[in-house]
Structures are given as structure tokens and as C-alpha cells.
Amino acid sequence: MTEKKVPSKVTPLFFARSYLSTEDNKTGSWRFLRPRYEEKTAPCSVACPAGEDIGRIEALTNQGMFKEAWETILRENPFPGVCGSVCYHPCEAVCNRGEFDEAVAINAMERFLADTARKNEFKPFLTNLSAKKEKIAVVGGGPSGLSAAYFLTLLGYNCDVFEAETEPGGVLRWGIPQYRLPLPVLERDISLIKDQGVQIKTGIHISKEFLKEAGESYNAVFIGCGYSRSRELEIPGEDLKGIKDGLAFLNRIRHGEKPRLDGLSVIIGGGNTAIDVARSVVRLGGTPLIAYRRRKQDMPAFSEEIELALDEGVVLKELVIPVSVVPDKGDYIVTLHYMRIMGEDDRGRALVEPDGNKTEEMRVKNVFKAIGEETAESWCVPPHKGEGVVTLNNSTLDCRTGSAVLVFGGDLTNEIKSVVHAVASGKEAAIALDILFREGLDTVESKIRDCLVGNGSFCSMEIYMKGPRFDRSSHVVSYSEINADYFYLSQRITQPRLLREERLATFDEVNLKVSASMAIKETERCFNCGLCNQCDNCYLFCPDLSIVRDKTPQGRHINYDYCKGCGICVVECPRNAMILEEETNEESAGRESCGS
Amino acid sequence: MPLNVPEQDYMYPGHVACPGCGAAIAMRFFLKAMGEKIIIVLPACCWSIIAGAYPQMSLKVPVIHTAFETGGSVASGVRAALDMKGDTGTTVVTWAGDGGTFDIGFQALSGAVERNENFIYVCYDNEAYMNTGIQRSSSTPYGAWTTTTPGRSWKRMRKKNIVEALVAHRIPYAATASIAFPEDLVRKVEKAKDIKGSRFLHVYATCPTGWRIPSEISIKIARMAVQNNIFPLYEVEDGVKYTINYKPKEFPVREYFKLQGRFKHLTEGDLAEIQEMVNEDWELLLKKAGD
Ligand SMILES: Cc1ncc(C[n+]2csc(CCOP(=O)(O)OP(=O)(O)O)c2C)c(N)n1
Ligand code: SF4
Ligand code: SF4
Ligand code: SF4
Ligand SMILES: [Mg+2]
């Protein structure tokens, strides 16, 4: 500073002027609580059988980082298009936002990302681990088989998928109607699986004999054949020609047939196949009636599907079972026996028994049976627990043969038969095999436990591969841990759909596309439970300027020289991505340097 | 989305405010919005200490420490001196506590704003004389324990409405702000900065030590005060034009009081009475705002 001339007649003021900053005071020594960044687990990701990192996916989508969001799905699920279309989204049922206003439309966002990736022809940046020597055969090119092959490929294994049909996809291609899952969406997912390095051999029917010789060329065989044969009704008349099998009917439609179905069709069953058949009958000009032995709320079909079916004019007749089918002048006379409720089982479903002799006769044009499916071949059934058999949550390992290890997955090992459960079993099987080959059978169960998401029963590939998710706490964030003051009530998007009238005549997809602006608005609603979304609240509210921005993925760190441990940052983090713990002397940098 | 608050800080860490001090947060936000072309006039209060005991300082802007009752008069003098030097770009800011504003400094403040001195007066309100050990001030709310309203002698007078007292002077700008609403606070500071004449900001600043609350809920309490209409956010231009910045839907005050040790003696009956008072004040404000 240059000396300023002071006019001689003015007496200068002598102020004591401070010349040091307070930075010499290491106020960190005052601290008896210590804040720390710690990401936690969102409940949605625990409920998602594919273990998707949903909170992160929504955050990335909200920031317009659609490719990164889509890749985040692909790390856990090779079927974003398929699941975005047909998943029954158990994640949404537990979404914390549901306690605030309405759950985040997670499923619609998944489909939005898949569509965006397809439209822009995104190529995922997912590299396979270094090549392993073991080779694996996958029997069945359905969702579980393709998932197993995809994850094994990511882990560096060479996989051959054997598919009996002319094209891969299994139930996705031949079972689920196009109005729910359009072919291009499925084909895009499958082509990405192939691009990752999975070899699919179609038109090859695998028999039991194959397993005997498999050991020569393969170290393991994944068996994901699923259910392909409809269960029998076991009533007089069911073997009549003309009584249709639900699955076979759906299969014919997917092969391009479009039979006219005038008049009344009765569909027996209450699962997703029954609903798919009924909604297909509507589209073929018929009048469907579903006859189910329990109540609507007991139906195994996904509730959203049931509502859409009813909306399209499907009639539901509850508490009836068919007792006979008799042909009559080109029609059938179906006799339905009324049931009555005796109580409820432990899952709240009605327990029923025949209600006296009360019956009703019905004249119908067609009868479809859809009371569930069973496996076509007995060797596909997983073995029971025992020496050399490891039964996991969604797959079973059988090491008894001494040659190729057998891994069972798909519908046969899952309690809930859904596409996303098939993904779960394929992934779990892939991880289990990797553990088996690298570390031996004894560690499989405990290592699988280590890569479960939160307190759930589904694995995460990212956790297994020790990616960033590995460092998260498995604590599942509850709604009470969200600082809801930072959120405003806002309506969940309504999935745009074809008008009812438009739906009835075609097999066009019912759900219409969600726009990018809708997706950004919807994902803004996500709390990102337990995950830092860089909102900067912690930085902003610190009274001690002790949060410092940096270039780490966390974006900031705490300067423990000054942090007094007030805890404001932890409480003002809207999403519980921080934690306040008791300070221990050794850890306190402030105390050491201050020496007080 | 991150809150929209200017990036630059004009404070050093290592200051000696209590953990979770709302007054420290208030200054941090204020300076972010104000920038460095200011001189702070600081009458005796907690901030006299937080700003640093000689030879230390925690602020990157000039500060004049001054006597408890002189916030208004010293600022008038500093302004006059700057004007004589031809420095019109520097803003003079008095930064005072509630004791220094509502009580002992009130005369100097009233005099200064009556003359419409060209300065900003910020009162950070922690609702008692905290620096000397939690004595009651005329800002201490009805129902509060302090060391001079102990035990059963808890304060039975209502908090003085300081903004209305300033508004009665018809100053160009008077506003309330809260540390829990940084965007609103920053906007008001930026607005005040561009107005000439006397401007008054009444900033709610939690005091974990004096209020007997855990430090981590410092911001949460400040937020509740606004959400429950205990501390409404509003601004008044030229003594007449009222704008309410935040309108809560319903405002049960009970939980706000239940969380604080200074109110722990209050019965449900007392709380019901307080609720009445809060409702009454709010109705009055709505009327003034013409809503
Ligand atoms: C004339 C005079 N009386 C008393 C004091 C002692 N004193 C210093 S700070 C203070 C309390 C200030 O209270 P407030 O203005 O509310 O600020 P706070 O400390 O609460 O931040 C008192 C009484 C003084 N400095 N000068
Ligand atoms: S708010 Fe977001 S992160 Fe939290 S449960 Fe819902 S979708 Fe998951
Ligand atoms: S807000 Fe600042 S001082 Fe308080 S605990 Fe967090 S980092 Fe430490
Ligand atoms: S407050 Fe915001 S920036 Fe800080 S940890 Fe939480 S989410 Fe991340
Ligand atoms: Mg005070």
C-alpha cells in the first residue's frame, strides 16, 4: 500500500486494525460429532428384482444425461425396453415418494430411456472383463437364459445360447402380445445382448442327452427353459378338439395369425396368460369372459393389467370353477360351479370351496384354458437341496455330476414368474458361477449375500464388481429420513395411452411414448433416496465454511480442521446422503493440529 | 436443483461462533449477495466476537466495531465521510443484534432512518442478548425462558414488531428474511442494495445455545418459524406497499415450540394462546397486504 498524504490540520484516527484471519483457529477441535458423506440404499432398488440403481437413474435422467441413465440400467438389466414395457414394477409399490404424494413413474422412465437409446442408436459403454477360460452353454433363449449369457459375457466368459425356436426371446417373443411388447422393442434389447458378445444358436432343440456330453465342451450349463405347457383342468370334456390352450393361442397370434373370434369366449384362469388371452380376444372381435375360482384381488395377474382388461370390456366372473364342457351344435356348454369363501390364507387370498350344488350353464363359442403353465421337460426341474446342490434366492447350482455344473434359473426357480425375476435369476446364476470357478463352491452362498442390494434378495452386478455402489451403506432409506421440506407436491405423469376405441381393433402398443420434457419433469419428483445428486445444500448451509468443493465424484469434502460438527449439513441434506457419527479422538484432525 | 445463491464467500473459517450458529449463516448469505464494496458497522453483539478478536478477523470486508447503542449514528457518520470523499460506490451496512436494534440501539436507528440516511441496517434476530448470556430483549417471544425470565417468570410480553416500527418511519424498504430461505434472503439483499436511503432487513437467526436446541436443527427451526407464520416473510416498500413472500396453508405452531428447550415449560393451554396470537398477527399482516 502506498502512504496516503494526511492533511496536516486533521488529526489521524488511530484504529486498532486486525491483520490476521481466523483460519489459525482450528475449530475442528470443538467437534464431538462428525459428519461424513455416506450414500445409502433406496427402497426401490431393493424391491427391483434386477437391483437397478433407480435413484441414480432418475437423477441422471433429470440432468438430461439419458445415455448415462440408460447405461446405468444396462449394468443391472439387459432388458430396459422389455421391462420398461411389461415389468409389473414392484419398485413403485415401495417408492418413498408414494408417502408424500404419488410414487415416481419408474417403469415409464425405464421405457423412455430405452426408446431414447433406440431412437438415437446409442451404443453402451460397457466393457467385458478379461476373458476367462471356462465355457458355458445356456439352454433356452428366453429372458433368463439371455440374461445369464449377458452377465456371464460381462464377466469374461464365452457363452453359447441354444434356442429351439427360429428366433430368441422365448415368452417375450411368442407369449406376450404385441400391444404390450412391440417386436422392435424386444429386438433392440436382444441385438444389444448380441453386440455384447453373446452367441445365440437358434433352431437347436436341446434334449436330456446333451447334458451327458456337455462336460466335453462346456464347464457349465444354464438351464432356463421356463414353463411352456399349459396345465390341465382335469375336467370332463377338456380334451375336446377345439378347447384352446391359452399359451398356444398367444403363440399363434405372435406368429401372425389373426383368427376372427365372434361370440362369447370363456377363459379359465386368473393369471397374466388369462388376461393376455382375454385382451387378445377383444382385439379379434370376440367377447371374452374370464372365469376365476377366487376373487379379483386374489388373481395372480398384475393389477394394472386386470384394470386395462376390464376397461377394454373383458368381463370377470369371480368365484367359479368349470366342471364340464359339452359340445352342442357348434358351441360349447360350459358348466360353472359356484365357489364360496371359507377364509383367507396367510397371504390374504381367499380360500374357497364349492358352494353346495350351485352351478350355472353357459353357451359359449370358445373355451380357453389358462390356469398356469408347467415345464415341458422334467430334466429342467431344479434338484432339491443336498450334497453338491446350492439353492440360492433365484437360481440353483448342481455340482453333483462331476462334469459340467448345472445351473437352474428362470421361472422354475422363481416364486413370482415375471420377466424381471428371470433377469434376477440369470444374473444371480452368472455371479454364482463366477464365484464357483474363481473361489470354489463353499464361498458361493456368502459371496452372493455380499452383493445383495440393501436387505433384499436380489443381486447387483455393480456391487459384485465392486463399482461405486459397493461403497454404499446397505441401510435402506425410509420416508421419515427424507427432508421433505425440499420437495413440493407434484402430480405423477399419466402414462399416455391409445384411446380405448383405438385399442380394441388393433394389436398396436397401448402405451404411447413419453417425451423428454415429461421425463425430466417426472424424475424431478424422485427424492434420490440416499444418493447425492449434487444439490449443494450441505455446502450452502455450513456456518463454518467447512465444506469445500473438489473434483472427486462426491464433488466436495469436509474440512475437519474447521468443522465443528454442528450437523446442519446432515439434516439439510434432503436425501440422507450424509451421516453424523460420534467423534473419536484419533479421527479428529482438528484436535491433533490444535493440541487443545 | 441447487439453490440459486451467489458463489463467492467473504468469510474465513475458524471463526468462533457456536456450532450451528444461525447468525454466522445469515452473514454468509448476506455477504454473498452484497459483495465486497461495503463497510460494516458492528455494535456490540455476538458478531463482535465472531468477526474476530483483535488481531484476527473472519470477514474479508472492512468492519468498524462500535458501541452497543450506536449502530444508527456511526453508520450515518461513516456514510457522510464516504460522501465527502466522493465514494458513492461503497455501501454502509450496520449489522446488529436484536438487543442492539429493538432496545438500546433503537434511538440511534430511529434517528438515522427518520433522516433517511443512505445505508442498510440489518438486524440478525436471535431473540435475546446472547453474547452476555441469554438475557431477554424486547425481541424475545412470548413464552420464552431466558436467564432474566427464568422458571415460572417466563416472558409474558409479546415480541416487539420491529418491522412495523420501521415501516412507520416510511423508509424506502423494510423486509424480513430467514436463513432457511437463502434464495429469498439473497433476492432481498440484492434489491435493498439497489435502493437509496434507509433500508432495513430483519433476519431470523437461530441460536442453538440460547434456545436450548440441538445445533443440527438450526435451519429446520428457522424454516418452521416461516412455515408456521411465527416469522412471516414479507417486504414493505415506502412504508405502504406490502408483499407477502410465503403463504403457508395451515400453521399449527405447536411443534415449533415443542422442539425448543426455552419453551419446554409451556402448557397446551399456553400454546393454544400463542396460536391465537400468531393467527391474529397473520390476519393483521394479510389485511395490510390487502390479501
Ligand atoms: C452499553 C453497553 N451495555 C452492555 C454491553 C454488554 N453487551 C455486549 S453484547 C450484549 C448483548 C447484545 O445482544 P444482541 O444485540 O441481541 O446481540 P447478540 O449478542 O444476541 O448477538 C451486551 C449486553 C455493552 N457492550 N455496552
Ligand atoms: S423417491 Fe426415487 S429413489 Fe426414492 S424410492 Fe422413489 S424412485 Fe426410489
Ligand atoms: S454444517 Fe459445517 S460445521 Fe456443521 S457439521 Fe456440517 S461441515 Fe461441520
Ligand atoms: S446436501 Fe446435496 S450435495 Fe450435500 S450430500 Fe446431500 S445431496 Fe449431496
Ligand atoms: Mg440477540
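Hydrogens, waters and symmetry mates play no part in the numbers below; they use all other heavy atoms, side chains included. Below, chains carry the letters A, B, ... as their sequence lines are ordered, and counting in each starts from 1. Being a predicted model, the structure only gives us computed values, none of them experimental.
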(message) Between B/Gln56 and A/Asp24, is the side chain to side chain donor-acceptor pair (under 3.5 Å) condition met? List the steps.
(response) CA-CA 9 Å; B/Gln56 286 189 326; A/Asp24 282 343; 4.7 Å; no
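At least one side-chain heavy atom of A/Glu572 sits less than 4.5 Å from a side-chain heavy atom of B/Lys220. Side-chain contact between B/Phe29 and A/Phe541: present, with at least one pair of heavy atoms (C-beta onward) separated by less than 4.5 Å.
When the shell of 6.0 Å around CD of B/Glu183 is examined, it contains more than 12 heavy atoms from other residues, nucleotides or ligands. Few gaps surround NZ on B/Lys258; more than 12 heavy atoms of other groups in view lie less than 6.0 Å from it. Counted within 6.0 Å of NZ on B/Lys264, heavy atoms from surrounding residues, nucleotides or ligands total 12 or fewer; the atom is thus considered open. Crowding of A/Glu99 atom CD: a count of heavy atoms from other residues, nucleotides or ligands under 6.0 Å exceeding 12.
Across all their heavy atoms, B/Gly20 and A/Pro543 have their closest contact at CA-CG, 4.0 Å. The shortest heavy-atom contact between A/Tyr539 and B/Asp9 is OH-OD2, 3.7 Å. For the pair B/His15 and A/Lys564, the tightest heavy-atom approach, listed with the atom from each and the gap, is O-NZ, 3.0 Å. The two atoms that bring B/Tyr54 and A/Ala16 nearest to each other are CE1-CB, 3.9 Å, heavy atoms only. Annotation for A/Ile568 and B/Ser215: closest pair CG1-O, 3.5 Å, computed over non-hydrogen atoms. Of all the heavy atoms in A/Tyr486 and B/Arg223, the pair that sits closest is OH-NH1, 3.1 Å.
Judged by distance alone, with hydrogens and angles left aside, the side-chain atoms of A/Thr22 form no donor-acceptor pair with the main-chain N or O of B/Gly52 at under 3.5 Å.
For A/Glu23, the parts sitting under 4.5 Å from any heavy atom of chain B are the backbone and the side chain alike. Proximity to chain A (any heavy atom under 4.5 Å) is restricted, for B/Lys32, to the side chain, taken from C-beta onward. Of the two parts of B/Ile64, only the side chain, counted from C-beta on, holds a non-hydrogen atom closer than 4.5 Å to a non-hydrogen atom of chain A. Contacts of A/Tyr562 with chain B are made by side-chain atoms alone, with heavy-atom separations under 4.5 Å and no backbone atom involved. Heavy atoms of B/Val16 lying under 4.5 Å from chain A belong to its backbone as well as its side chain.
The greatest number of non-hydrogen atom pairs below 4.5 Å with chain B, out of A/Cys569, A/Gly565, A/Cys542, A/Pro35, is found for A/Cys542. Looking only at heavy-atom pairs under 4.5 Å with chain B, the residue among A/Gln534, A/Glu524, A/Arg549 that has the most is A/Arg549. Interface check for chain A: of the options B/Pro19, B/Ser58, B/Pro55, the most heavy-atom pairs under 4.5 Å are formed by B/Pro55. Heavy-atom pairs under 4.5 Å with chain B peak, among A/Leu540, A/Asp544, A/Leu580, A/Asn483, at A/Leu540.
Interatomic distance, A/Ser21 OG to B/Leu59 CG, rounded to the nearest 0.5 Å: 11.0 Å.
Looking at residues two or more places apart in sequence or on another chain, you find a side chain to side chain contact (heavy atoms under 4.5 Å, CB included) between A/Ile520 and A/Asn62, A/Phe66.
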